[in-house]
2 protein chains.
Amino acid sequence: MGVVTGDGTVGKALTVLDQVAGIGRPVRMRELLETSEFPKPTLYRLLQTLTNQGMLTYNTEAQTYAPGIRLVRLAHVAWSQASLAPIARPHVDALAANLREAVHVAQIDNGQVVFVDKRQASTKFSTLAQAGQVAPAYCTGVGKAILAFLSEEDLEQALLQQAFHQYTPATHTSANTLRAELETIRAEGIAFDREEHAAGIISIAAPILTPSRRVVGSISIATATNRHSLEGLGKFRPALLECAQKIGAEAQSWQPPSLP
Amino acid sequence: MGVVTGDGTVGKALTVLDQVAGIGRPVRMRELLETSEFPKPTLYRLLQTLTNQGMLTYNTEAQTYAPGIRLVRLAHVAWSQASLAPIARPHVDALAANLREAVHVAQIDNGQVVFVDKRQASTKFSTLAQAGQVAPAYCTGVGKAILAFLSEEDLEQALLQQAFHQYTPATHTSANTLRAELETIRAEGIAFDREEHAAGIISIAAPILTPSRRVVGSISIATATNRHSLEGLGKFRPALLECAQKIGAEAQSWQPPSLP
DNA sequence: AACGACGTCTCATATAATGAGACAAAATAT
DNA sequence: ATATTTTGTCTCATTATATGAGACGTCGTT
């Protein structure tokens, strides 16, 4: 599920690359080996290949691997072409200027949502470093906002890719209860995360729809329950919808990366 | 030079990935084939593999390839770990707030410089989309600022990687004239691009040195000759050095990706 | 000094990839 | 309307690459 297997050595190398990238800090080969599907010499060789190619970097003193500068080079190209963030950013900045909360931009990818940008009026917080974060679709505001507007076929496919793991008592644990809520989201144009993914975190989200009603992503305002209530978040609905509508208008010719 | 060959199928796939990413817009297989080193079925299969893996996306209507969402996911991890930008950004924002010009952050990669961030007080211009851009080291301010502070061994290696192509009459065309200027840069702590890479474009740059005098990158202020003179750029020297020093202090434990 | 942990290397064997040529569909030229 | 060209896709005999058990070396721990 998710990452396609059966693509020979390239697939294996990318699996290793994902594993290193997923750790989020420099990591030794031994630690990678613990959860790797590959035997030690194979893992070693794949790490060597990726390092030689600049996709990973190796710290000889600490004996650790980390993402490499070639990945950074590819990163920016990918971000500017394959994500909504360049189109969305000016609109999200305008929205965020009037808020104390952060505004997120997300897209769907293999049934998960990828946060591609986060903007906040305050510049205290590093933004891009938190982009690229992945979350489940079925229990996030941004995820449900996208699911609700997928085509019937894409929705069925996406529902098969949900784990329905119960993160909190509020989490959907079946496709059927989720379907019912998706109907409501379609009617109201807005999705809420009611502490479904993490206790104490709520959000309000709107889908980004092109003029031809194709869903390409979503935006959300997330906050902590000790800062806002759901009712309080509801007040952001008009501004959020307007912002999403403006992004959608510019995204008519933008093509989201298709599912593998 | 630059990208290591001899890494089998993974190396080939990454070469194709770079080619698609380097185009900067969706591209058809035929166009890729024109400059590809691979025969048609090989290129076709590598493109299929990368698309299956989510590193590229394929638009069936336009029959074009473009970077895929999996690359975006990897992108953000790489950017936050493998680039100086997260550390540098708050300092560069503070510097840029007082300027009309853009401030760039760069790192060295295989003898070239990679721009990893660009900040400007005005938000009119898309910033991140221009990061990831690569330029030669020998004829850019950021490049010369880094070269001047490399170890003897790393400098020799980097000089071998310079093409010394003459972009303008001001461009260095030999290692010897460059070495002389690197001495001056070391003495003054500042590098200038005197229309060496592009006519009409000048910049002032400072290396980012950790407390242990390791060069990890550089920052620069670039402008057009019809907006500033070199003398005018010289006035930014104290602020640029201070900004670089602050970044360097925080970068002591940060490890730049090592050369493959 | 002995042992364990971890990274690195070897090579017989297995698997994956190659690329010329063929084919199909769409686009272009006549 | 028909012929030709272009482009993308597929096949398969052959070649090249990759595998992974076991061994080895270095470093850390006991």
Side-chain angles (χ1 to χ4, degrees), chain A residues 3-23 25-68 255 257-260, chain B residues 3-23 25-68 255 257-260:
Chain A
V3 172
V4 175
T5 58
D7 277 308
T9 313
V10 176
K12 292 178 177 177
L14 294 176
T15 297
V16 171
L17 184 60
D18 264 1
Q19 196 186 352
V20 176
I23 301 283
R25 55 172 170 76
V27 59
R28 298 187 73 169
M29 181 178 132
R30 181 58 193 167
E31 183 177 345
L32 293 169
L33 191 59
E34 285 169 7
T35 54
S36 177
E37 69 200 74
F38 304 115
K40 188 170 53 168
T42 306
L43 177 63
Y44 176 75
R45 206 179 32 259
L46 291 167
L47 287 169
Q48 285 289 301
T49 298
L50 290 165
T51 302
N52 288 344
Q53 291 293 318
M55 299 295 276
L56 292 178
T57 187
Y58 184 63
N59 180 329
T60 53
E61 290 175 18
Q63 287 186 309
T64 52
Y65 293 92
Q255 193 77 22
S258 52
L259 298 184
Chain B
V3 172
V4 176
T5 58
D7 276 310
T9 314
V10 176
K12 291 176 177 178
L14 293 176
T15 298
V16 171
L17 185 60
D18 264 1
Q19 196 185 352
V20 175
I23 302 282
R25 55 171 169 76
V27 60
R28 299 188 70 169
M29 180 177 138
R30 180 58 194 167
E31 185 177 344
L32 293 170
L33 191 58
E34 284 168 9
T35 54
S36 177
E37 69 199 75
F38 304 115
K40 190 168 53 169
T42 306
L43 177 63
Y44 177 76
R45 205 178 33 260
L46 291 169
L47 288 168
Q48 286 288 300
T49 297
L50 290 167
T51 304
N52 288 345
Q53 291 292 319
M55 298 295 276
L56 292 176
T57 187
Y58 184 62
N59 181 330
T60 54
E61 289 174 19
Q63 286 187 311
T64 53
Y65 293 93
Q255 194 77 22
S258 53
L259 297 184

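The structure presented is a predicted model; accordingly, all values stated were derived computationally and were not measured. In what follows, chains are A, B, ... by sequence order, proteins preceding strands, each numbered from 1.
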Inset, instruction - Starting from C1' on dG8(D), measure out to CD on Glu31(B) and report it in whole angstrom. - result: 15 Å
Legend entry - Candidates dG8(D), dT18(C), dT19(D) - which lies nearest the side chain of Tyr58(B): dG8(D)
Legend entry - Nearest heavy-atom neighbours spanning Ala13(A) and Val10(B): CB-CG2, 3.7 Å
Legend entry - Gap between atoms CZ and P, on Arg28(A) and dA5(C) respectively (whole Å): 14 Å
Legend entry - For Arg30(A), side-chain hydrogen bond (donor to acceptor under 3.5 Å, both in side chains) partners two or more places apart: none
Inset, instruction - Indicate the atoms forming the closest heavy-atom contact of Val16(A) with Phe38(A), along with that distance. - result: CG2-CE1, 3.7 Å
Legend entry - Length of the CD-P vector between Glu61(B) and dG8(D), whole Å: 16 Å
Legend entry - Rounded interatomic separation in angstrom, taking CD from Gln63(A) and P from dT26(D): 13 Å
Legend entry - Sub-4.5 Å side-chain heavy-atom contact between Gln63(B) and Tyr58(B): yes
Legend entry - Nearest non-hydrogen partners of Pro67(A) and Ala21(A), listed with the distance: CG-CA, 4.4 Å
Under 3.5 Å, which N/O atoms of the protein pair with N/O atoms of nucleotides 10-15 of chain D?
{"from": "dC10(D)", "atom 1": "OP2", "to": "Tyr44(B)", "atom 2": "OH", "distance (Å)": "3.3"}

Legend entry - Selection from dT9(D), dT8(C), dT7(D) that lies nearest to any side-chain heavy atom of Tyr65(B): dT9(D)
Inset, instruction - Decide if atom CD of Glu34(A) counts as having more than 12 heavy atoms of other residues, nucleotides or ligands within a radius under 6.0 Å. - result: yes
Legend entry - side-chain contact (heavy atoms from CB on, under 4.5 Å) between Leu47(B) and Leu32(B), worked out: CA-CA 10 Å; Leu47(B) 288 168; Leu32(B) 293 170; 4.0 Å; yes
Inset, instruction - To the nearest Å, give me how far apart CG (Leu14(A)) and C1' (dA18(D)) are. - result: 16 Å
Inset, instruction - Starting from P on dT8(C), measure out to CG on Asn52(A) and report it in whole angstrom. - result: 12 Å
Inset, instruction - Answer with base, sugar-phosphate or nothing: what part of the nucleic acid does Thr9(A) contact at a heavy-atom distance below 4.0 Å? - result: sugar-phosphate
Legend entry - Between C1' of dT17(D) and CG of Leu46(B), the distance in whole Å: 13 Å
Inset, instruction - Please report the C-alpha distance between Met29(B) and Lys40(B) in whole Å, then the side-chain angles of each, then the deciding distance to 0.1 Å, and finally whether the side-chain contact (heavy atoms from CB on, under 4.5 Å) criterion is met. - result: CA-CA 9 Å; Met29(B) 180 177 138; Lys40(B) 190 168 53 169; 3.3 Å; yes
Inset, instruction - For Leu32(B) and dG8(D), give me the distance from atom CG to atom C1', rounded to whole Å. - result: 13 Å
Legend entry - Which residue lies more 5' along DNA chain C, comparing Val10(A) with Met29(A) via nearest heavy atoms: Met29(A)
Legend entry - Bend angle of the helix from dA1(C)-dT30(D) to dT30(C)-dA1(D), from helix axes over five pairs at each end, nearest 10°: 40°
Inset, instruction - List the atom of Leu56(B), the atom of Leu17(B), and the distance in Å for their closest heavy-atom pair. - result: CD2-CD1, 3.7 Å
